[in-house]
Each structure stands twice: as structure tokens, then as C-alpha cells.
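A short worksheet on the structure shown next.
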Amino acid sequence: MIEKRKMLYDGKAKSLYEADNDDEVIVYYKDEATAFNGVKKASIKNKGLLNNKISSIVFDYLIEQGVKTHFIKRLDEKSQLCKKVTIIPLEFICRNQVAGAMAKRLGMAEGIKLDKPILEISYKNDELNDPFINDDYATTALKVVTNEQLAYCYQQVLEINKLLEALFLKTGISLIDFKVEFGIDKQGAILLADEFSPDNCRLWEIATNRRLDKDVFRRDLDDIKDTYQLVLSKLEQLNL
Ligand code: TYD
């Protein structure tokens with residue numbers, strides 16, 4: 001039982017628990033949904049299970065394609081075993097089409113296709129509201145990564161984008177944008193960490209333009225559970 005284990009960290013959507021091996025952690029996916037930096041909140045039955053399953057399928061696929069990640073295996077409905085890493089406090093956002101904050105920031109319509117994937121970074125800091133920053137802020141002011149580490153992360157984000165854009169296309173879904181995080185393990189290797197689920201990407205069904213991601217919660221468009229279940233079913237049908 002997860003409750004018997006020592007909690008290492010309690011986040012908005014996930015908690016971390018001690019694993020049997022000191023180099024590993026158990027990531028537990030909660031049913032809580034939050035948006036706008038925690039201002040909008042709800043508990044949605046089965047959301048943890050759905051994100052755990054979706055993220056496990058995506059990480060297994062990325063690992064098979066040669067991406068280095070923290071993911072070891074899914075343990076049960078709500079938890080997974082991962083390598084222990086120190087999270088780099090940067091959010092890496094990659095965009096294939098204009099949406100969300102970018103559309104607002106630039107006064108552009110959502111859905112405009114970009115000529116090439118666009119990369120952004122934000123400083124992970126709730127008190128500061130995860131501000132948008134640039135490379136010099138990260139490497140020289142905050143010193144949270146070296147130039148080499150940042151270049152490696154950007155290259156990984158572009159590779160992940162290429163792989164996942166093609167994967168979702170097979171299910172009739174456009175990968176509009178996503179956010180990922182990286183961590184550093186005991187050996188100093190940079191690994192893709194956190195999760196990949198409809199909570200941190202935008203997925204638009206190509207045939208209908210239907211939103212299959214957290215925008216259904218942010219904008220009250222649809223039932224979040226049914227929507228995430230549809231994404232999971234589509235991925236499962238690929239039999240990866
Ligand atoms: P973005 O358009 O920058 O912000 P918002 O979702 O608030 O409109 O988001 C781009 C993508 O990154 C989107 O798929 C959601 C994801 N994301 C997160 O997962 N966490 C975050 O803190 C932010 C800002 C974005």
C-alpha cells in the first residue's frame with residue numbers, strides 16, 4: 001500500500017514516495033486537476049489512473065525509440081517506478097501550432113501552423129508564477145543549467161516532438177504543443193522526467209477539431225474523464 005511508504009514530495013497532481021531501492025522513487029498519480037497555477041481545482045475520479053496509463057505508454061514508446069528517461073515501469077493503476085532524479089527547475093515548452101498563452105501573448109489566432117517547432121523555457125517557481133525566461137536567464141542568472149545541458153535538453157525536446165507528433169498522428173490527433181521537464185540522476189545523466197499526459201500537452205482530434213486535453217477542464221468544454229479515456233483508448237489501439 002502506497003500509504004505505508006514515506007512521502008518525499010506532495011505535488012499538485014502527483015506525490016512521490018520512497019521506493020525499496022534508494023536510487024528509485026514511486027510516483028503516485030492523484031485525481032486532482034488544477035489549472036491557472038492552482039486557482040481552479042477539482043477532484044476527478046480516475047484521472048490519476050488515466051494519466052498514469054497514458055504517460056506510461058508514452059514513456060515506454062520514447063524509451064523504445066532511444067530517449068533516455070526516468071521511467072522504469074508502471075506498478076499499478078495509479079503508480080509507477082522511476083529513477084530518482086533532481087529536477088532541473090525549467091519547463092520546456094514546444095509548439096507546432098499557435099495556442100494558449102502564445103496566442104494570447106502575441107494576439108494570434110489559435111490553430112495557426114508554425115513553419116517549424118518553437119521552443120520556450122519557463123522558470124519552475126510557483127511563487128513567481130513560472131515566468132517565461134530565456135537561455136541567459138537560465139544559464140547565467142539562475143545558473144540552473146550549463147550551456148551544454150540546455151543545448152542537450154532542447155535537442156531532446158525536438159526529438160521527443162518528432163516522435164510524438166508522428167505517434168499521435170497515427171491516432172488521428174494533432175500534437176499542438178506540450179511541456180516536459182528533465183532531471184539529473186546520480187551519475188549526472190540528464191533524463192526526461194515528470195509525465196506526458198493530456199494535462200501537459202494540447203491534443204486536437206484532426207477530424208473534428210475536438211480538444212482532447214486539459215483545455216476541456218480549463219475552459220469547461222467537456223467531461224475531462226471521458227476525454228482522457230478517449231486518448232488512452234486511441235493509444236491502446238495502436239498496440240505499441
Ligand atoms: P501555454 O500555452 O504556454 O500555457 P497555457 O496552457 O496556460 O495556455 O502551454 C503550452 C503547453 O504546455 C500546453 O500544452 C500546456 C503545457 N503547460 C504545462 O503543462 N504546465 C505549465 O505550467 C504551462 C505554462 C504549460
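Ligands are counted one by one from 1 in listed order, and the atoms in each one are counted from 1 as well. Hydrogens, waters and symmetry mates play no part in the numbers below; they use all other heavy atoms, side chains included.
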Check your understanding: Can you list the steps and then say if Asp220 with Lys40 is a side-chain contact (heavy atoms from CB on, under 4.5 Å)?
Key -> CA-CA 11 Å; Asp220 296 318; Lys40 180 167 178 168; 2.8 Å; yes
Practice item. Starting from the C-alpha separation in whole Å, work towards a yes-or-no answer on salt bridge (charged side-chain N to carboxylate O under 4.0 Å, His left out) for Lys53 and Glu77. Key: CA-CA 7 Å; Lys53 287 191 176 171; Glu77 301 243 290; 3.6 Å; yes
Check your understanding: Does the salt bridge (charged side-chain N to carboxylate O under 4.0 Å, His left out) test come out yes or no for Lys84 and Asp22, once each step is laid out?
Key -> CA-CA 8 Å; Lys84 195 184 266 180; Asp22 196 41; 3.4 Å; yes
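Counting protein heavy atoms under 4.0 angstrom from atom 7 (O) of ligand 1 gives zero.
Under a 4.0 Å criterion applied to the non-hydrogen atoms of Gly100, ligand 1 contributes the atoms 2 (O), 8 (O). Every atom of ligand 1 with a heavy atom of Ala101 under 4.0 Å away is listed here by number and element: 1 (P), 2 (O), 3 (O), 4 (O), 8 (O). Within ligand 1, counting atoms from 1 as listed, the ones closer than 4.0 Å to a heavy atom of Ala99 are 2 (O). For ligand 1 and Cys201, the ligand atoms under 4.0 Å from any heavy atom of the residue are 14 (O).
Annotation: atom 14 (O) of ligand 1 to nearest protein heavy atom, Asp177 OD1, 2.6 Å. Of all protein heavy atoms, the one lying nearest to atom 23 (C) of ligand 1 is Glu91 OE1, 3.8 Å.
Considering each of Glu195, Arg202, Lys179, the one bringing a non-hydrogen atom nearest atom 17 (N) of ligand 1 is Lys179.
The salt bridge (Lys or Arg N to Asp or Glu O under 4.0 Å) test with Asp31 singles out one residue from Lys78, Lys14, Lys12, and that residue is Lys78. Partner Asp177 forms a salt bridge (Lys or Arg N to Asp or Glu O under 4.0 Å) with one of Lys214, Arg95, Lys113 and no other, that one being Arg95.
Under 4.0 angstrom from ligand 1, the non-hydrogen atoms of Arg95 all belong to its side chain.
Using a non-hydrogen distance threshold of 4.0 Å, Lys214 does not register as a contact of ligand 1. Look at Arg218 and you'll find a heavy atom under 4.0 Å from some atom of ligand 1.
Note that CG of Leu163 and CD of Gln156 are 9.5 Å apart. Values are rounded to the nearest 0.5 Å.
Taking a cutoff of 4.0 Å between a charged side-chain nitrogen and a carboxylate oxygen, Asp215 and Arg202 qualify as a salt bridge.
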